[in-house]
There are 2 protein chains.
Amino acid sequence: MGRKAHFQNSDFLDAAIRIIAEGGPGALTIAALAGQIHAPVGSVYHRFPSRDALLAEVWLGIIESFQDDFIKKLEEDGLAATLACLQWVRQHPAEARILLLYRMQDLTTGRWPPELQKRARRLKKDLHDAVTAFIKRAFGKVTPENTDRAIFALYDAPLGIIRRYLSDNRVPPAAVADLLRETYNAVMPKAKSR
Amino acid sequence: MGRKAHFQNSDFLDAAIRIIAEGGPGALTIAALAGQIHAPVGSVYHRFPSRDALLAEVWLGIIESFQDDFIKKLEEDGLAATLACLQWVRQHPAEARILLLYRMQDLTTGRWPPELQKRARRLKKDLHDAVTAFIKRAFGKVTPENTDRAIFALYDAPLGIIRRYLSDNRVPPAAVADLLRETYNAVMPKAKSR
DNA sequence: GACATATTAGAGCGATTGCTCCAATACTGA
DNA sequence: TCAGTATTGGAGCAATCGCTCTAATATGTC
């Protein structure tokens, strides 16, 4: 059944994450990617149809990793989800740098393969559903103002402060959790937000 | 005294801001920049020593514009400075997209001309001084925890929520001011923070 | 008008990049 | 052992980009 593979798909994806986290999307040239794991450029294209497709997989993998944690916590408790952002960043520093410092549009320029588009839509829908359900529980009903309030407390505030640390290659200190808790309580309804 | 100039430095800087705000730093090729105002590429290099130098001027100009507003308000009142972020973004949507969606490191790769480095250091120092003075007034003394608290309320929180709007090419609604006020009051000392 | 000069104008060079293509290679199954 | 094939290995192509360089052009001064 042919020669045994010397490299795995994940080897390339991991190397890509390392390179982007360190040098930004511009640093991810195919030569740099292959060089990082001493693979030939041909092996990159043996696995991924294009640089864009590889970057799309990198991006989706990161979103999935983050979102799995986030949604799971969100189903129990809003504040837990807020703090889960912090924990995820600590556990995945390289992925966090990519997620927080760049946008999907800045990584990939072209169109995605249909299969990846489907995965992306699925992720978006899952997040939307989880957040909507949470807002209903926390506020009683979903309005634009409530939505903004929730997304601010769950998402914008934690990622906003974490971004500053990641940009300087530092890890957010423990006290950040206090700030986020205070913000959450100030902005979300006092009632149990389960 | 030579031919009358058909283009001004600011024409190129403004065009660059438009292009980056719309398509990201990667869209700013010299050809695209010159084409935007129907200038020849030679005229770009007649005014700016390199693409990096031009981007450095773009970045510094944006920082200066933002920081002037921010520091002026900060000298009176912390909450006013927080809300000044919102106002500045509304008045400078293209500049705001660049400031919030990208980092200096992602625009320019090489070293800056010494004169621009000096301007950058000056801006950094001005901001640091203003923030430090504010922290002293608000908390009594400067500690790492107080610093984080202040920067979160003044900077991370507003820019965090605004970033989401800018990324989608939307303008932050008025209700965002309420969220920021509540966050500010929750996180900063109750005493007059003048 | 003649000259000096600041600026426009754009062809094109060297370097880099994404990607292709063809061989070489090592593994499987018979 | 030999055919079949999945994968490595890497030279090189076409496109793009930042930038240079020379010529053309318009303006001020005498």
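In what follows, chains are A, B, ... by sequence order, proteins preceding strands, each numbered from 1.
In this structure, A:Gln8 places its CD atom 13 Å from C1' of D:dT8, rounding to the nearest Å. Atom CZ of A:Arg47 is separated from atom C1' of C:dC19 by 17 Å (rounded to the nearest Å). The CZ-P distance, from B:Phe12 to C:dT7, rounds to 11 Å in whole Å. Between A:Leu33 atom CG and C:dC19 atom P there is a gap of 12 Å when expressed in whole angstrom units. Atom NE2 of A:His46 and atom P of C:dA24 are 19 Å apart (whole Å). Between B:Ile37 atom CD1 and C:dG10 atom P the separation is 14 Å, expressed in whole Å.
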- Nucleotide by nucleotide, nucleotides 16-26 of chain D touches protein heavy atoms under 4.0 Å in the pattern (B base, S sugar-phosphate only, - none) -SSBB----BB
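No hydrogens or angles considered: a donor-acceptor pair under 3.5 Å links the side chains of B:Tyr102 and A:Arg103. Side-chain polar atoms of B:Tyr165 and A:Asp148 form a donor-acceptor pair below 3.5 angstrom.
For the helix from C:dG1-D:dC30 to C:dA30-D:dT1, the end axes, each set by the C1' atoms of five terminal pairs, are bent relative to each other by 10° (nearest 10°).
Pairing each heavy atom of B:His6 with each of B:Asp11, the nearest pair is O-OD2, 4.5 Å. In this structure, B:Met188 and B:Ala153 approach most closely via the heavy-atom pair CG-CB, 3.9 Å.
In this structure, the side chains of A:Asp106 and B:Asp106 stay at 4.5 Å or more apart for every pair of heavy atoms. Here the side chains of A:Leu86 and A:Pro172 are in contact, with some heavy-atom distance below 4.5 Å.
Atom CD of B:Gln117 has more than 12 heavy atoms from other residues, nucleotides or ligands within 6.0 Å. Other residues, nucleotides and ligands contribute more than 12 heavy atoms inside 6.0 Å of the CD atom of A:Glu64.
Relative ring orientation between A:Phe70 and A:Tyr155 is described as perpendicular, the plane-to-plane angle rising above 60° on a 0-90° scale split at 30° and 60°.
Comparing C:dT7, D:dA6, C:dA9 against the side chain of B:Phe7 picks out C:dA9 as the nearest.
OP1 and OP2 of C:dT7 both lie 4.0 Å or more from every side-chain N or O belonging to B:Ser43.
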